[in-house]
Amino acid sequence: MAALTRITELASEIAENTKIITEYLAAKNIEVPSFDEDGLTELAISPVDKGASTARSKLVAATKELHDLTVGPKESLRHLAWNSVNSMSLHAIHHFKIAEAVPLHQEISYLDLSKKLGLDITNLRRLVRHGMTNHIFREPHPGYVAHTSSSRLIAEDPQLNAWVGLFSNDLWRPMVHQVDALTKWPNSHEPRETAFQIANNTSDTFFEIFAKSPERLKRYGTAMAANAASEGYHVQHVVEGYPWKNIGEGTVVDVYRSPLFIRPNPNKHSSVVPKATSPSQSQRNSPV
């Protein structure tokens, strides 16, 4: 009965927080995000508006818990194991630049898209349709592909494109080899004995490999800029979450070039350090 009570509690919590958010959006005359090609891609609730911002966080948590309870632990584990397939189709969409090949505000046939990309039509259709299960692309009618807001973001947003590329191209394979690395080097903490070396068949470190590839290094830098601007990892958390005043006079070194970092510290000196491509470069650039 406890689980039944919890489901009821979650449903009430979802309704309550949805009401708070919809009233906030109506008062501010703000649209909600949608997967339409021209739909909003973010829910525009400012963290300053604590009531609506807290309601949003609670709504996200409650809907996730309700989904997991409704599906059940057994099916949830099946879904968790299956989620790796999502990375596969996302990797293909990014690698083959499928989103960039689909015209905006138009539809294109799978046949024409396959010719445009030089991909087998059967494989292309399978990859694109799997992306559709995650709201990436839509099929307005059988045999044709068009954008959603998600696929359009991949095509047009450089930071998000880099973020997708970093994880699907550069980090996904090391993740897959994590257990292999732990098996091969069970007690190692060495930077040359990690899943990254196995995935890339190299003895070079992460930053040494990236330093040799301008394309990967640029993608990494752009993706980190996207990460710093995201809700959970915004640099504002560093600014507000640490007692900087207790340090007194000092030098603040900002390796991410964010002006927000030094804004609350007018008595401190600041130094901007470019992102390092290797540990040795970091040491050369650092003034401390």
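We use all heavy atoms of the structure for the numbers below, so side chains are in, but hydrogens, waters and symmetry mates are not. Since we're looking at a predicted model, the values are computed, not measured.
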Student: Minimum heavy-atom separation for Gly131 and Ile93, please, with both atom names.
Tutor: CA-CD1, 4.2 Å

Student: Within the 4.5 Å heavy-atom criterion, are Arg219 and Trp163 side-chain neighbours or not?
Tutor: no

Student: Check whether any side-chain N or O of Thr148 sits under 3.5 Å from a backbone N or O of Asp36 as a donor-acceptor pair, and report yes or no.
Tutor: no

Student: Treating Ile, Leu, Val, Met, Phe, Trp and Tyr as nodes and any side-chain heavy-atom pair under 4.5 angstrom as an edge, say whether Ile45 and Val32 lie in one connected cluster.
Tutor: yes

Student: First locate atom OG of Ser53, then atom CD1 of Ile20, and finally report the distance between them rounded to the nearest 0.5 Å.
Tutor: 11.5 Å

Student: Do Phe96 and Ile121 share a hydrophobic cluster, counting only Ile, Leu, Val, Met, Phe, Trp and Tyr and linking them when any side-chain heavy atoms are less than 4.5 Å apart?
Tutor: yes

Student: Do any N or O atoms from the side chain of Gln197 and from the backbone of Pro191 form a donor-acceptor pair under 3.5 angstrom?
Tutor: yes

Student: Hey, mind stepping through Leu90 and Phe167 against side-chain contact (heavy atoms from CB on, under 4.5 Å) and telling me if it holds?
Tutor: CA-CA 10 Å; Leu90 188 61; Phe167 273 85; over 6 Å; no

Student: Step through the shown structure and confirm whether more than 12 heavy atoms of other residues, nucleotides or ligands are within 6.0 Å of NE2 on His189.
Tutor: no

Student: What heavy-atom pair brings Pro140 and Glu107 nearest, and what distance separates the two atoms?
Tutor: CG-OE1, 3.5 Å

Student: Taking all non-hydrogen atoms of both residues, which atom of Ala99 and which atom of Ser151 are closest, and how far apart?
Tutor: CB-O, 3.5 Å

Student: Please round to the nearest 0.5 Å and tell me the distance separating atom CG of Asn134 and atom CZ of Phe35.
Tutor: 9.0 Å

Student: Charged N to carboxylate O under 4.0 angstrom, Glu13 versus Lys58?
Tutor: no

Student: Check step by step if side-chain contact (heavy atoms from CB on, under 4.5 Å) holds for Ile98 and Leu113.
Tutor: CA-CA 8 Å; Ile98 297 175; Leu113 187 59; 4.3 Å; yes

Student: side-chain contact (heavy atoms from CB on, under 4.5 Å) for Leu59 and Ile14? Distances and angles first, verdict last.
Tutor: CA-CA 6 Å; Leu59 181 60; Ile14 289 168; 3.7 Å; yes

Student: For the residue pair Arg152 and Val102, establish whether any side-chain heavy-atom pair is separated by less than 4.5 Å.
Tutor: no

Student: Roughly how far apart are Leu182 CG and His177 NE2, rounded to 0.5 Å?
Tutor: 13.0 Å

Student: Going only through I, L, V, M, F, W and Y residues with side-chain contacts under 4.5 Å, is there a path from Phe137 to Leu127?
Tutor: no

Student: Work out which heavy atom in Asp170 is nearest to a heavy atom in Arg216; give both atom names and the distance.
Tutor: OD1-NE, 2.9 Å

Student: For residues Ser12 and Glu9, is any side-chain donor paired with an opposing acceptor at under 3.5 Å?
Tutor: no

Student: Pairing donors with acceptors under 3.5 angstrom, does anything connect the side chains of Tyr24 and Asp49?
Tutor: yes

Student: Roughly how far, to the nearest 0.5 Å, is CG of Asn17 from OG1 of Thr54?
Tutor: 9.0 Å

Student: Where do Trp185 and Glu190 land on the side-chain contact (heavy atoms from CB on, under 4.5 Å) test, with the steps shown first?
Tutor: CA-CA 9 Å; Trp185 303 296; Glu190 295 298 321; over 6 Å; no

Student: Aromatic rings His79 and His67: how do their planes relate, parallel, tilted or perpendicular, breaks at 30° and 60°?
Tutor: tilted

Student: Are Arg192 and Glu208 close enough, and set up right, to give a salt bridge (charged side-chain N to carboxylate O under 4.0 Å, His left out), and what steps lead you there?
Tutor: CA-CA 10 Å; Arg192 299 183 190 279; Glu208 287 170 347; 2.8 Å; yes

Student: In Å, rounded to the nearest 0.5 Å, how long is the span from CD1 of Ile154 to NE2 of His94?
Tutor: 8.0 Å

Student: Quick one, Val71 and Arg78 - any side-chain contact, counting heavy atoms below 4.5 Å?
Tutor: no

Student: I'd like to know if the side chain of Thr133 and the backbone of His130 have a donor-acceptor N/O pair within less than 3.5 Å.
Tutor: yes

Student: Might you point out which heavy atoms bring Pro174 and Ala199 nearest each other, and give the distance in Å?
Tutor: N-CB, 3.6 Å

Student: Just by distance, do the side chain of Ser149 and the backbone of Thr41 share a donor-acceptor pair under 3.5 Å?
Tutor: no

Student: Is there side-chain contact between Lys64 and Val60, with heavy atoms separated by less than 4.5 Å?
Tutor: no

Student: More than 12 heavy atoms of other residues, nucleotides or ligands under 6.0 Å from CG of Asp120: is that the case?
Tutor: yes

Student: Surrounding CZ of Arg173 (heavy atoms of other residues, nucleotides or ligands, distance under 6.0 Å), is the total greater than 12?
Tutor: no

Student: Membership question, hydrophobic clusters at under 4.5 Å side-chain separation (ILVMFWY): are Met175 and Leu166 in the same one?
Tutor: yes

Student: Should Tyr220 and Val164 be counted in the same cluster of Ile, Leu, Val, Met, Phe, Trp and Tyr side chains packed under 4.5 Å apart?
Tutor: no

Student: Any idea how Phe206 and Phe210 line up, ring-wise: parallel (<30°), tilted (30 to 60°), or perpendicular (>60°)?
Tutor: parallel

Student: Taking atom CZ of Arg6 and atom CD of Glu65, what is their separation to the nearest 0.5 Å?
Tutor: 4.0 Å

Student: For Ile108 and Asp112, work out which heavy atoms get closest and say how close.
Tutor: CG1-CB, 3.8 Å

Student: Quick check: do Ile7 and Leu66 have side-chain heavy atoms less than 4.5 Å from each other?
Tutor: yes

Student: Under a 3.5 Å distance rule, please check whether Asp157 uses its side chain to pair with a backbone N or O of Gln159 as donor and acceptor.
Tutor: yes

